[in-house]
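No experiment lies behind these values; they were computed from the predicted model shown.
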Amino acid sequence: MDKKDNVTEQLKVLLEEYDFHIETLSKVLQLPVEQVITLAEGNVDFLPDDATYRFRLFNKISFLYLSAVEDKHSKLCAFLQVLISYHGLSKKTIAKMAGVDKQDIDKILSNPPKKVPEEIKFKVAVTVMALRFFLKDCEPEQ
């Protein structure tokens with residue numbers, strides 16, 4: 001699928017191609033269901049003119065959309081980097097928590113990425129997901 005650059009198109013793809021639950025989108029976007037539908041149809045006239053509000057709303061839509069179409073390896077690396085650089089966790093700590101070797105973390109983060117067995121990537125991804133969930137309250141609001 002071609003990547004969409006327009007947030008209203010991204011929202012429409014989430015609803016139509018990925019069958020994303022509209023009630024969940026309504027909650028995440030903090031918009032009534034009717035406005036989510038209106039936005040997916042390309043109409044942004046009802047939104048406040050506040051640039052910060054629109055920026056945050058459009059970022060939420062784009063993040064959800066990119067979660068579906070973006071390279072999963074790149075996303076894992078980005079989340080790992082947040083744990084390491086922002087939260088100060090070491091590669092060794094993450095590796096121990098995931099039950100893998102520190103070298104596996106190094107391989108995942110290398111550029112270009114080195115081959116890592118899927119089972120190891122799965123262990124790291126689950127650990128990263130859990131850590132980000134529990135540490136999210138320590139991150140600045142977007």
Side-chain angles (χ1 to χ4, degrees), residues 1-100 102 104-142:
M1 172 178 41
D2 294 328
K3 279 191 178 177
K4 306 287 185 199
D5 294 325
N6 182 298
V7 291
T8 60
E9 291 175 3
Q10 292 173 351
L11 184 57
K12 187 174 186 174
V13 168
L14 285 169
L15 289 166
E16 294 178 0
E17 293 182 31
Y18 290 99
D19 298 319
F20 207 98
H21 192 257
I22 196 161
E23 294 288 338
T24 301
L25 282 170
S26 173
K27 289 176 188 172
V28 169
L29 302 177
Q30 298 176 334
L31 293 172
V33 170
E34 299 78 24
Q35 289 183 345
V36 172
I37 294 167
T38 301
L39 189 58
E41 292 170 347
N43 184 348
V44 297
D45 295 338
F46 67 93
L47 295 174
D49 289 332
D50 179 17
T52 302
Y53 171 84
R54 286 183 178 220
F55 178 76
R56 287 182 176 152
L57 177 68
F58 294 167
N59 272 348
K60 287 178 184 179
I61 295 167
S62 290
F63 181 78
L64 289 170
Y65 173 78
L66 291 173
S67 293
V69 300
E70 204 174 60
D71 173 44
K72 306 304 184 218
H73 180 84
S74 297
K75 197 172 298 148
L76 175 58
C77 288
F79 286 133
L80 265 170
Q81 289 293 356
V82 169
L83 292 173
I84 293 166
S85 62
Y86 185 82
H87 293 290
L89 298 179
S90 69
K91 294 176 189 176
K92 183 178 176 182
T93 297
I94 296 167
K96 283 183 172 186
M97 292 182 80
V100 302
K102 181 190 166 289
D104 293 322
I105 304 296
D106 290 329
K107 287 178 185 176
I108 290 170
L109 291 171
S110 65
N111 191 10
K114 295 186 174 114
K115 185 74 175 150
V116 178
E118 293 298 316
E119 179 183 342
I120 289 174
K121 277 189 185 178
F122 177 77
K123 287 179 178 183
V124 172
V126 168
T127 302
V128 167
M129 180 178 62
L131 287 169
R132 284 297 308 275
F133 176 78
F134 288 113
L135 297 173
K136 71 180 178 189
D137 293 338
C138 300
E139 296 175 15
E141 287 194 34
Q142 296 182 9

If you look only at distance, which donor and acceptor atoms sit under 3.5 Å apart when one is on a side chain in residues 114-126 and the other is two or more places apart or in another chain?
none

Counting distance only, does the side-chain N/O of Lys75 pair as donor-acceptor with the main-chain N or O of Ser67 below 3.5 Å? yes

Compare all side-chain heavy atoms of Leu57 with those of Leu31 and state whether any distance is below 4.5 angstrom. yes

May I ask you to check whether over 12 heavy atoms, not counting those of Lys92, lie within 6.0 Å of atom NZ? no

Looking at CG of Leu64 and OH of Tyr18, how far apart are the two atoms once the value is rounded to the nearest 0.5 Å? 12.0 Å

Taking the side chain from Ser26 and the backbone from Ile22, do they hold a donor-acceptor pair closer than 3.5 Å? no

Any side-chain to backbone donor/acceptor pair from Arg54 onto Val44? Under 3.5 Å, distance only. yes

As an exercise, state the distance from CG of Asp104 to CD1 of Ile94, rounded to the nearest 0.5 Å. 12.5 Å

Please walk me through it: do Ile84 and Leu109 pass side chain to side chain contact (heavy atoms under 4.5 Å, CB included)? CA-CA 11 Å; Ile84 293 166; Leu109 291 171; 3.7 Å; yes

Quick one: CD1 on Ile105 to NZ on Lys102, what's the gap to the nearest 0.5 Å? 9.0 Å

Kindly compute the distance separating CD1 (Ile61) from CG (Leu11), expressed to the nearest 0.5 Å. 5.0 Å

Distance in Å, Thr93 OG1 paired with His87 NE2, rounded so as to fall on 0.5 Å steps: 13.5 Å

Rounded to the nearest 0.5 Å, the CG atom of Asn6 sits from the OH atom of Tyr65 at a distance of 10.5 Å

Tabulate below the donor-acceptor pairs under 3.5 Å that side-chain atoms of residues 45-53 make, not counting sequence neighbours, or state none.
residue, atom, partner, partner atom, Å
Asp50, OD1, Thr52, N, 3.3

Would you say Ser62's side chain and Asn59's backbone share a donor-acceptor pair under 3.5 angstrom? no

Let's go through Ile37 and Val33 carefully: what are the C-alpha distance in whole Å and the side-chain angles of both, what is the deciding distance for side chain to side chain contact (heavy atoms under 4.5 Å, CB included) to 0.1 Å, and is it a yes or a no? CA-CA 6 Å; Ile37 294 167; Val33 170; 4.0 Å; yes

